[in-house]
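Written below as structure tokens is the structure these notes are about.
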There are 2 protein chains.
Amino acid sequence: MSKAKQPAEGAASRLDGNALRTQRTRSRVLAQSLALFNELGEAHVTTGMIADALDMSPGNLYYHFRNKGQIIEELFDRFEQRVDVRPRASGRAAEAIEDLWLYLHLMLEAIGEYRFIYRNLDDVVGRNRKLRVRFARIVDRQAGAIVALCESLVGSGAMQARPAQIATLAQNAIIVSTSWLGFAAATGRDGGEAAALGQGAFQVMSLFAPYLRGEARAHLDSLILEYID
Amino acid sequence: MSKAKQPAEGAASRLDGNALRTQRTRSRVLAQSLALFNELGEAHVTTGMIADALDMSPGNLYYHFRNKGQIIEELFDRFEQRVDVRPRASGRAAEAIEDLWLYLHLMLEAIGEYRFIYRNLDDVVGRNRKLRVRFARIVDRQAGAIVALCESLVGSGAMQARPAQIATLAQNAIIVSTSWLGFAAATGRDGGEAAALGQGAFQVMSLFAPYLRGEARAHLDSLILEYID
DNA sequence: GTCTATATAGGGATAGAC
DNA sequence: GTCTATCCCTATATAGAC
């Protein structure tokens, strides 16, 4: 499926100095692109800006990447791996709520690291058939993970919710996680990325609160208070 | 604050035939722009496409509007008026839940009509200082309206929630309302605008369900079932 | 008020030297 | 592998005739 990306490969298949250098340059481009995309929005970052930031010529950048779309797709690859986390699912009630907390926390961190994807979902993902399908699959996995965590909570008596409610709850949790950063930016209240992330975690966790029972609910409240200071 | 927009005004201040025609042309441009923005996304609609769709020359379009940004701002004006709805707030419990339902429904409709704003919040609103402030004010009003409706529900015993919970709930309701359409499009499951809107209403209303008590909750469930068929 | 023609600018991408 | 130079296209916006 994936073809060789570098032209100079037929002669020597060993990883010589040049190949290493190539890989390093590609990585630098990806890292710099991610930083600029996150800061300015993908559409407002030109290939020239990326090259400039690396003291590199535009031509050289295009030696390593066919086009701008390829940079985006490779960043999406990395995000896809980064976000593919199997949640821990311990049986005990006291830990189940922390499992949920941990999982959502990891998701929000990953979203923050690759927020250019979420800042403009429509342009980055919505218009690219391949990415749209892959993104939908990521969302499905996330929903599945959240549902499993909720079922674990229900099993231990810490949560009270019917399957249909859990499904809707999981959807809403993903929507809020997905949209919070962009929403905060659009209303101009992000006030720093760290603050926005903490507030986002609070918003997401509060979705689950009304379904929790007994000490699980108190436990969640304390986790929230701890997190947002 | 707002200067005269048409040059031919010093001579005759009465509304003669030309002035009427001008206004009509401006309206046609705005309507066509809205349709195209909603369909393709603001960034992907050129002034030439708008002119073409109206069998009009680009030059003529620029006679009526200084630039593309002005079209966007005037559409935002219309949206701002469209969305500025004071919710009804009746005292009785049975009606209070319908007041909330009605208000959210109206919001979702308005968002659907001007979905190009929400489809790409960052580009349309986030980068324009004036629009960003105005959008934040709209969100504040919406939050205030939802909070008031919830307080009314609490007062009549139909809802059980503390003020802090209500504030967070209102925020989440706005985030889901705001983001649902874009999210559905990005995951490729919108399956028609009407369906997406109904599903969005369902997602939003389900946020309130766990805080409702007694027959109010049953009432909401029936409203939801009715709405999504 | 509307048109045609065009100036202008930016950014993606390529050619060819080194 | 990297650079310089440049092509090419698209889109905003303007000039000036009718």
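So you know, we letter chains A, B, ... as the sequences are listed, proteins then strands, and number each from 1.
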B/Phe135: partners by ring-ring contact (aromatic ring centres under 6.0 Å, His included), with sequence neighbours left out: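 If we apply the ring-ring contact (aromatic ring centres under 6.0 Å, His included) test to B/Phe135, skipping adjacent residues, the hits are B/Tyr118.
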Let me know the distance between [atom1] of [X] and [atom2] of [N], rounded to the nearest Å.
| X | N | atom1 | atom2 | answer |
| --- | --- | --- | --- | --- |
| A/Met56 | D/dT4 | CE | P | 12 Å |
| B/His44 | D/dA11 | NE2 | P | 10 Å |
| A/Tyr63 | D/dT4 | OH | C1' | 17 Å |
| A/Asp55 | D/dT4 | CG | P | 11 Å |
| B/Phe65 | D/dT12 | CZ | P | 15 Å |
| A/Glu42 | C/dG11 | CD | P | 13 Å |
| B/Leu61 | D/dT14 | CG | P | 12 Å |
| A/Gln70 | C/dG12 | CD | P | 15 Å |

Between [X] and [N], is there a side-chain N or O to OP1/OP2 distance below 4.0 Å?
| X | N | result |
| --- | --- | --- |
| A/Thr25 | D/dT2 | yes |
| B/His64 | C/dT2 | yes |
| A/Thr46 | C/dG11 | no |

Heavy-atom pair of closest approach, residues B/Gln70 and B/Asn67: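 Result for this residue pair: N-OD1, 2.9 Å.
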Test salt bridge (Lys or Arg N to Asp or Glu O under 4.0 Å) applied to A/Asp99 - qualifying residues, sequence neighbours left out: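 Partners of A/Asp99 by the salt bridge (Lys or Arg N to Asp or Glu O under 4.0 Å) criterion, ordered by chain and then number, come out as A/Arg88.
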Selection residues 176-188 of chain A - residue pairs positive for side-chain hydrogen bond (donor to acceptor under 3.5 Å, both in side chains), sequence neighbours left out: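 Listed once each, the pairs are A/Ser179-B/Ser179.
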Quick test: give all pairs of protein nitrogen or oxygen and nucleotides 13-18 of chain C nitrogen or oxygen below 3.5 Å, distance rounded to 0.1 Å.
from: C/dA13; atom 1: OP2; to: A/Tyr62; atom 2: OH; distance (Å): 3.1
from: C/dA13; atom 1: OP2; to: A/Lys68; atom 2: N; distance (Å): 3.0

Qualifying residues under side chain to side chain contact (heavy atoms under 4.5 Å, CB included), relative to B/Glu39, sequence neighbours excluded: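 Expected list: B/Leu36.
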side-chain contact (heavy atoms from CB on, under 4.5 Å) between A/Glu113 and A/Asn38, worked out: CA-CA 8 Å; A/Glu113 277 175 36; A/Asn38 280 343; 5.8 Å; no
B/Arg137: side-chain hydrogen bond (donor to acceptor under 3.5 Å, both in side chains) partners, not counting sequence neighbours: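 Expected list: B/Glu80.
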